[in-house]
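What follows is a single structure, written as structure tokens, with notes after it.
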Amino acid sequence: MNEPEYARFTAAATHCKMTNAAFLAYAVDKAARDLTRTASEIATEREVIDEIFAARRHLGRIHGLFNQVAKALNSGADTPHLDATAKAVHNAARRMADAADALLAHRAGGESA
């Protein structure tokens, strides 16, 4: 634990009117009760960035598939679910942009949206 982390830890314990040891025991117990949430909350920045890049690759592949859809439409094919699919892809791209913005805000010390 570096100096800023220790200072944050000590300040949190003091704010809760607990000793460092009691605060640590409470925090460990709380984290152990919900391992799925704990794992997501302590994911390293590198893991978060890796997931954003993986999603970006997937969106790139979807772009290629939409090019194939455009080709099919130009050939007279029927695409009954195109609007719903396009909306889902647009929403996924928006969520990726929001996640990237939140990561950048976090790195800059600001609040994420």
Return all side-chain donor-acceptor pairs below 3.5 angstrom for residues 66-85, not counting sequence neighbours, or 'none' if the list is empty.
residue, atom, partner, partner atom, Å
Asn74, ND2, Ala70, O, 3.3
Ser75, OG, Lys71, O, 3.1
Thr85, OG1, His81, O, 2.8

Enumerate, atom names and distances included, each donor-acceptor pair closer than 3.5 Å involving a side-chain atom of residues 48-63, sequence neighbours excluded.
residue, atom, partner, partner atom, Å
Asp50, OD1, Arg46, NE, 3.1
Asp50, OD1, Arg46, NH2, 2.9
His58, ND1, Arg61, NH1, 3.3

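- Every residue two or more places apart in sequence or in another chain that forms a ring-ring contact (aromatic ring centres under 6.0 Å, His included) with Phe9 is listed here: Phe23.
- For Asp29, the side-chain contact (heavy atoms from CB on, under 4.5 Å) partners two or more places apart in sequence, or in a different chain, are Arg33.
- In this structure the side chain of Tyr6 never reaches within 4.5 angstrom of the side chain of Asn2, judged on heavy atoms.
- With sequence neighbours excluded, no residue forms a side-chain contact (heavy atoms from CB on, under 4.5 Å) with Ala27.
- Rounded to the nearest 0.5 Å, atoms OG1 (Thr14) and CG (Asn20) are 6.5 Å apart.
- Identified under the salt bridge (charged side-chain N to carboxylate O under 4.0 Å, His left out) test for residues 1-27, with sequence neighbours left out: none.
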